[in-house]
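Comments concern the structure below.
All chains are named by letter (A, B, ...) in the order of the sequence lines, taking the proteins before the strands, and each is independently numbered beginning at 1.
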Protein chains: 4
Amino acid sequence: MSNENPKRLIVELCRQFYGLGWVSGTGGGISLRVDGRVYLAPSGVQKERIAEDDLFELDDAGNVLRTPENPALRESACKPLFYNAFRLRDAGAVLHSHSQNALLATLVTRGDVFRCTHLEMMKGLRGVGYHDMLEVPIIENTAHECDLERDMAGAMLRFPRANAVLVRRHGVYVWGRDWVEAKTQAECYDYLFGAAVRMHELGLDPAARP
Amino acid sequence: MSNENPKRLIVELCRQFYGLGWVSGTGGGISLRVDGRVYLAPSGVQKERIAEDDLFELDDAGNVLRTPENPALRESACKPLFYNAFRLRDAGAVLHSHSQNALLATLVTRGDVFRCTHLEMMKGLRGVGYHDMLEVPIIENTAHECDLERDMAGAMLRFPRANAVLVRRHGVYVWGRDWVEAKTQAECYDYLFGAAVRMHELGLDPAARP
Amino acid sequence: MSNENPKRLIVELCRQFYGLGWVSGTGGGISLRVDGRVYLAPSGVQKERIAEDDLFELDDAGNVLRTPENPALRESACKPLFYNAFRLRDAGAVLHSHSQNALLATLVTRGDVFRCTHLEMMKGLRGVGYHDMLEVPIIENTAHECDLERDMAGAMLRFPRANAVLVRRHGVYVWGRDWVEAKTQAECYDYLFGAAVRMHELGLDPAARP
Amino acid sequence: MSNENPKRLIVELCRQFYGLGWVSGTGGGISLRVDGRVYLAPSGVQKERIAEDDLFELDDAGNVLRTPENPALRESACKPLFYNAFRLRDAGAVLHSHSQNALLATLVTRGDVFRCTHLEMMKGLRGVGYHDMLEVPIIENTAHECDLERDMAGAMLRFPRANAVLVRRHGVYVWGRDWVEAKTQAECYDYLFGAAVRMHELGLDPAARP
């Protein structure tokens with residue numbers, strides 16, 4: 001990845017995620033951390049039309065090193081959530097999606113853990129095997145995105161093997177060592193959330209061992 | 001937006017909305033109002049193939065300033081509905097969608113108000129918070145689009161905080177201060193309509209506080 | 001349309017229909033008739049990859065005037081069905097879709113007529129108003145496509161106002177005076193079939209007057 | 001096909017399959033066999049971004065003739081499954097999809113055979129007619145993809161007319177004499193799996209003769 005331009009990647013990936021229905025209505029996005037530098041999208045912009053010049057550059061402590069050319073742009077409200085993954089998991093990329101699959105998975109799940117098992121796509125997640133019981137913590141949503149920071153960090157500490165945190169009635173955060181792992185895992189989680197909701201509609205329990 | 005070409009934007013957005021399933025079968029569209037000039041698509045044309053030369057230019061009172069090159073083209077039947085938003089809300093852009101999400105939301109809702117609450121995407125709507133009860137008025141459809149004008153205006157006056165009016169068995173009108181706000185809100189409303197219908201199928205009430 | 005190239009149009013439209021899920025697995029397609037000449041796709045080719053040189057040119061009586069460059073290509077098995085619309089309705093374009101919306105609409109409908117009413121998209125169909133009861137005849141499928149010719153013709157004569165014939169467990173044929181009308185109507189029908197199936201799932205009757 | 005570049009085809013088709021939702025999260029893919037040479041994608045790469053230089057070239061016995069430029073790439077774990085189709089059926093192309101339609105079809109089917117009948121899209125499958133009972137064997141998934149080899153081969157021998165094998169809670173393998181037939185059949189199977197799941201939801205039995 002050293003020879004890839006992180007800003008161009010963010011622009012490209014945001015457009016792709018828009019096509020997947022993950023970042024409509026300016027929601028969601030992705031942040032990359034390469035060689036100690038964090039690249040962050042601004043708040044409330046249309047993700048499929050974002051430009052490289054719209055991005056912020058920050059250091060590992062969250063200090064802004066470079067602002068976008070447009071002075072009206074503010075940092076994404078997801079910033080503290082993204083930094084949870086950078087700090088607690090040494091992530092190289094964090095992705096936030098408002099996918100309806102994630103939303104509905106939090107609505108059909110009772111309790112604060114999404115569970116499923118014996119689905120091939122689980123194998124696309126780091127450290128997860130086909131016979132495992134996949135567990136993704138669900139935290140409750142808040143009026144302001146920044147208020148999720150502590151609950152997300154708490155869930156990450158309680159579920160050290162999870163690479164995602166669901167937010168009830170909201171969406172999901174997924175991270176990885178680099179953008180490839182973050183995106184791959186985000187696609188696998190999204191597939192599993194969608195399958196679980198469909199199984200629920202078909203009267204099947206995604207957490208039941210066959 | 002001053003440096004953007006409104007005609008090119010309409011052409012681009014119509015193509016994007018076609019991809020979202022909002023303007024199939026020549027239905028739906030978008031009208032922009034920039035510097036006192038209104039840009040309007042013609043009636044009954046394929047929105048994903050519209051050209052800049054197909055658009056009408058009008059003044060704030062609805063008088064035609066410039067007609068399309070093709071003399072066979074007539075103004076969109078949505079014109080009086082679009083002007084409701086220009087006049088009553090000083091909108092800079094109004095969008096009309098036949099999305100199945102909007103259609104089905106009007107079919108599963110009893111009464112004349114769509115309601116939902118505690119869904120993150122509500123925060124993409126101007127003046128709406130996560131804990132609010134979102135209300136979108138629903139008016140009954142008529143045989144001719146122009147006959148909706150008065151009912152739509154009435155609903156806008158009764159629901160001064162709403163930025164959209166649903167039309168039963170038809171679709172939705174959404175507006176904003178400019179095209180970015182109109183499109184962002186349209187995506188958020190569409191997401192919420194879709195989520196509400198799915199919740200309905202899953203036996204969940206989108207208007208119930210959790 | 002006189003200045004449009006019918007062969008290029010067919011290539012473009014087939015690609016678009018593939019994106020809509022209407023012509024996957026080489027099924028479905030479109031035939032145009034311009035100035036007494038009919039343009040027809042070959043049988044069993046991938047519609048999103050069809051080339052202008054793959055098309056047949058025929059006269060109004062169905063005689064081949066020009067064959068594709070590739071001698072292995074045979075005329076589409078839909079030919080007699082397309083000619084039904086050319087002969088009985090003087091159509092300028094006929095479209096055949098395997099859309100799941102059409103398929104499922106024939107499966108949830110008892111009897112041999114699909115009906116719906118009071119849906120805005122009906123107004124995109126020639127001669128149909130919002131308060132009308134839309135009727136689309138359904139014929140039973142056969143082992144060989146050519147065996148549908150007589151039943152389709154019979155349905156067209158019994159339903160002189162319909163611009164489409166559904167084929168049970170198969171798909172739909174839609175036509176129009178030219179490609180624009182055929183495509184517009186095909187999109188409206190498909191939307192209505194999809195809405196009717198969803199209404200069925202939601203416990204609503206698409207043929208019930210509200 | 002002799003004048004088509006197999007590597008470019010794999011790159012193109014993987015991108016197309018990603019758009020269809022068949023190969024998200026690095027899962028799934030396609031392998032071609034042309035003139036005694038097999039072209040294979042590497043394991044665990046994003047299929048919509050694969051490059052020609054990422055592909056392996058092997059001989060009919062599975063020996064690697066040419067490795068990708070990037071030495072970190074390993075052969076796809078699907079290799080022995082793809083070779084089942086090359087060896088047992090003399091296939092020219094094999095495709096593996098994680099489509100939700102395939103996944104859900106294996107979940108709603110009791111027993112180890114998926115069945116459907118009287119659906120037009122069956123006619124896109126080699127040797128299958130409209131009145132036939134289509135049978136696709138379902139094998140149980142394993143923790144490691146290579147462990148499927150024997151069960152898949154067994155299913156292929158028991159169902160000599162099938163051109164696909166479903167893997168429970170996983171996806172499907174589909175093959176054909178060349179890439180065109182493999183892709184065409186994969187689209188038809190996927191359509192049929194999706195239709196069967198929807199019929200199941202609508203209370204209809206896809207294996208019941210009408």
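A salt bridge links A:E48 with B:K183; the closest basic N to acidic carboxylate O contact falls under 4.0 Å. A salt bridge between A:R49 and B:E12 is present, with a side-chain N of the basic residue lying under 4.0 Å from a carboxylate O of the acidic one.
Proximity to chain B is limited to the backbone of A:S99, based on heavy atoms less than 4.5 angstrom apart. Contact of B:H118 with chain A is made through backbone and side chain together, with heavy-atom distances under 4.5 Å. With a 4.5 angstrom heavy-atom cutoff, B:L125 does not touch chain A via any of its atoms. Only the backbone of A:H144 comes within contact range of chain B, with heavy atoms under 4.5 Å apart.
B:Y191 and A:S24 get closest at one heavy-atom pair: CD1-OG, 4.2 Å. Contact detail for B:T184 and A:Q46: the closest heavy-atom pair is OG1-CG, 4.1 Å. Closest approach of B:M199 to A:L104, counting heavy atoms only: CG-CD2, 4.4 Å. Nearest heavy atom pair, residue A:V197 against residue B:R198, reads CG1-NH2, 3.8 Å.
Surrounding CZ of B:R126 are more than 12 heavy atoms belonging to other residues, nucleotides or ligands, all under 6.0 Å away.
Between B:L119 and A:L103, the closest side-chain pair of non-hydrogen atoms falls below 4.5 Å. Taking 4.5 Å as the limit, some side-chain heavy atom of A:E145 sits within range of a side-chain heavy atom of B:E120.
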side-chain contact (heavy atoms from CB on, under 4.5 Å) between A:R169 and B:Y130, intermediate numbers included: CA-CA 10 Å; A:R169 295 171 166 273; B:Y130 178 68; 3.5 Å; yes
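Here CG of B:L202 is found 5.0 Å from CD of A:E201. Values are rounded to the nearest 0.5 Å.
In this model, a donor atom of one side chain and an acceptor atom of the other lie less than 3.5 Å apart for B:Q16 and A:Y18.
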